[in-house]
Amino acid sequence: MKQFFLLLALTAGLMSSAQKKAADPRPFAASITEADLKKQLYIVAGKEMEGRETATEGQRKAAAYIESQFSSLGLLPGNNGNYQLQYPVYRDSMSGAGLMINGKSFELNNDFQPIIQLNNNSTQYFSEIVFVGHGIVDSLYDDYGSINVKGKAVLMLGGSPSNYKPKRGGGFMSPSSSYGKVLNARNKGAVAVLVVEGNFPRKAGNTLGNMYTELYKDAQTPNTFIISEKTAEAITGAGWAEMKEKGKKEQLKSGVFPANTAIEFQKKTQFLQSSNVLGIIEGSDKKDEWLIITAHYDHLGKRGDVIYYGADDDGSGTVSVIEMAEAFVKAKAAGKGPRRSILFMTVSGEEKGLWGSEYYSDNPTISLDKITANLNIDMIGRTDTERMKPDTLNYVYVVGDDKLSSDLKPISETANAKYTKLVLDYKYNDPNDKDRIYYRSDHYNFARKGIPIIFYYDGMLKADYHKPTDTPDKINYTLLAKRAQLVFYTAWEMANRDSLLKRDIPLPTMD
């Protein structure tokens, strides 16, 4: 009898060891097909989804569709019994604006336009306006000089002079961008900003501002109006023309102009919502550890009746996540499911500023310490028109595998060499990448928390990027399937290996 129990224990141990040994993933990867990806993408990037703009009906339809796919596959809901994780979105609606200088009223759209999303309800009165050149401030350049603008209204020229040499390239947050200038003014203590630009009169602007997620702010931005040259001349007087011409070439000195100025702005705030869609496959012996696979399902929505379909960006990633989930479900049904639990998550708000992934990483449903990695897919269905190489139909850009964990690259390259044999292009791992791709998709919100990531990308920044012509008929479905299979094979190894990925490389900064 004793020998029988010893034999039984030995047999159980061998069976347990066999179960832990990763099975052959190829039969399950084969379920990720061109036909299935195409069928899914013509729905996700179809007319009915209206471009899937965050916090719109089109986005809600897309979320409901993805939820239905996760549910039909048998994935567990990933948010306390719900497939969707809601997060708040806000939008301002302008109800009124006015500008008066020395007793003269100026006309909305003909003479000025407010930047709605930067402004707050207020009526402000100033006896003088402080001119601050182009309003640029960086480590080597300060248009404000020694002048004090605390509590004052500032006037600045749009753009930058030809002799300004920025420390780094342009962008939304650069010192010479409109937003960068407003932040400079706020940091200097100004409470109102008038930016002089051309092209007035202008068409009546949308009375709706941009969406945002941060209702309560640690500091408010100054109320900001774009004004015409005629309006600027009412403040500066006859010297305006000379000032304007000189400012095209060189830095201008700051100064003060007496001008009784009333600035009025009124708005209402709309309370909206958006969501991420979460589905789970529970692991076996390591089910308390996690792998997260992500893609963003939002896009740019509609402009009038014109739909921005977003087939590659990022319908291609979205349908790849759905198909990978199906492949893992089939593996589990065959008794070969992953050792670690896998969270499949499609996020919204990426096009607005990585909102959905930021919300999740700040409000996670699972312990961040238990996440081995995040594999993020954002555009894998097209080719980079700027990439003039003979392997155009057999490559993928792999981003971030040289950061945070020394385990990432060996796992990625081994999976590719064994199964898919794509050319792995590391162009965007360059720390001097001018496009700063590493910081521009949802993986970054996991990376900033210290979680190892790999980002898969096709490089389609030209061609139909962010245009209505990014449609499902432009997708290379053969290449899409091969890239999605690479992510699946990499995920398979990460979900089944003995240990979590090391976190042994520092996170690069955005500087």
Side-chain angles (χ1 to χ4, degrees), residues 25-49 51-52 62 65-66 68-70 72-73 293-299 307-330 344 346 375-387 389-398 415-416 419-425 441 454-492:
R26 284 172 291 191
F28 311 110
S31 71
I32 303 171
T33 66
E34 298 173 36
D36 287 348
L37 289 163
K38 186 174 185 178
K39 179 181 177 181
Q40 295 274 10
L41 189 54
Y42 267 85
I43 296 171
V44 170
K47 185 177 181 180
E48 184 181 353
M49 301 301 180
R52 312 185 305 279
Y65 176 75
I66 298 164
S68 73
Q69 296 303 296
F70 284 179
S72 66
L73 288 172
I293 302 176
T294 55
H296 75 89
Y297 71 94
D298 66 297
H299 195 56
I307 298 173
Y308 288 68
Y309 292 93
D312 192 32
D313 185 13
D314 182 30
S316 62
T318 299
V319 299
S320 295
V321 169
I322 295 171
E323 289 301 303
M324 277 188 281
E326 182 181 25
F328 274 106
V329 165
K330 289 182 176 181
F344 299 92
T346 60
L375 301 180
N376 182 51
I377 313 166
D378 191 350
M379 302 167 58
I380 59 167
R382 301 269 306 260
T383 57
D384 180 358
T385 56
E386 305 300 298
R387 190 177 185 278
K389 295 185 178 182
D391 55 28
T392 301
L393 299 180
N394 194 51
Y395 81 96
V396 66
Y397 289 117
V398 176
N416 182 59
Y419 299 114
T420 47
K421 296 179 173 56
L422 286 158
V423 174
L424 306 184
D425 194 319
S441 190
I454 298 180
F455 169 35
Y456 300 89
Y457 174 53
D458 61 24
M460 198 268 288
L461 277 178
K462 303 290 183 180
D464 300 298
Y465 178 69
H466 282 187
K467 295 178 181 178
T469 46
D470 179 11
T471 49
D473 59 296
K474 305 280 184 68
I475 298 297
N476 182 326
Y477 289 95
T478 302
L479 188 53
L480 172 58
K482 196 170 185 180
R483 288 165 171 166
Q485 287 174 357
L486 170 62
V487 184
F488 172 79
Y489 285 125
T490 307
W492 184 276

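At least one cation-pi condition fails for R483 and Y456: the charged atom is not both under 6.0 angstrom from the six-membered ring centre and inside a 45 degree cone around its axis. Geometrically, R382 does not engage Y465 in a cation-pi contact defined by less than 6.0 Å to the ring centre and at most 45° from the axis.
In this structure, K474 places its NZ atom where more than 12 heavy-atom neighbours from other residues, nucleotides or ligands lie under 6.0 Å away.
Using a 4.5 Å heavy-atom threshold, the side chains of K38 and T33 count as separate. With a 4.5 Å cut-off on side-chain heavy atoms, V398 and D425 do not count as touching.
In this structure, the side chain of D314 engages the main chain of M379 through a donor-acceptor pair within 3.5 Å. Of the possible polar contacts, none joining the K482 side chain to the T478 backbone as a donor-acceptor pair under 3.5 Å is found. A donor-acceptor contact shorter than 3.5 Å is absent between the side chain of T346 and the backbone of T318. Formation of a donor-acceptor pair under 3.5 Å by the N394 side chain with backbone atoms of K421 is found in this model.
To the nearest 0.5 angstrom, I43 atom CD1 is 11.5 Å from I66 atom CD1. Separating the OG1 atom in T471 from the CG atom in D464 is a distance of 6.5 Å, to the nearest 0.5 Å. The CG atom of L375 sits 5.5 Å away from atom CD1 of I454, with the distance rounded to the nearest 0.5 Å. Rounding to the nearest 0.5 angstrom, the gap separating the OG atom in S320 from the CG atom in D378 is 11.0 Å. Distance check: N416 CG to L424 CG gives 4.0 Å after rounding to the nearest 0.5 Å. Once rounded to the nearest 0.5 Å, the distance linking OG1 of T392 with CG of L479 reads 10.0 Å.
Nearest approach of I293 to A491, heavy atoms of both residues: CD1-CB, 3.9 Å. Across all non-hydrogen atoms, the minimal contact from F488 to A327 is CE1-CB, 3.5 Å.
Taking H299 as the reference, E351 meet the side-chain hydrogen bond (donor to acceptor under 3.5 Å, both in side chains) condition, with sequence neighbours excluded. With sequence neighbours left out, the side-chain hydrogen bond (donor to acceptor under 3.5 Å, both in side chains) criterion links Q485 to no other residue. In terms of the side-chain hydrogen bond (donor to acceptor under 3.5 Å, both in side chains) criterion, residue partners of Y65 (sequence neighbours excluded) are, by chain and number, Q40.
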Is there a side chain to side chain donor-acceptor pair (under 3.5 Å) between D313 and H296 once you walk through the steps?
CA-CA 8 Å; D313 185 13; H296 75 89; 3.1 Å; yes
Working note: D384 + Y397, criterion side chain to side chain donor-acceptor pair (under 3.5 Å); need CA distance, chi angles, decisive distance, verdict.
CA-CA 10 Å; D384 180 358; Y397 289 117; 2.7 Å; yes
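Between W492 and F328, the ring planes are parallel. Angles under 30° get that label, and only those over 60° would be called perpendicular.
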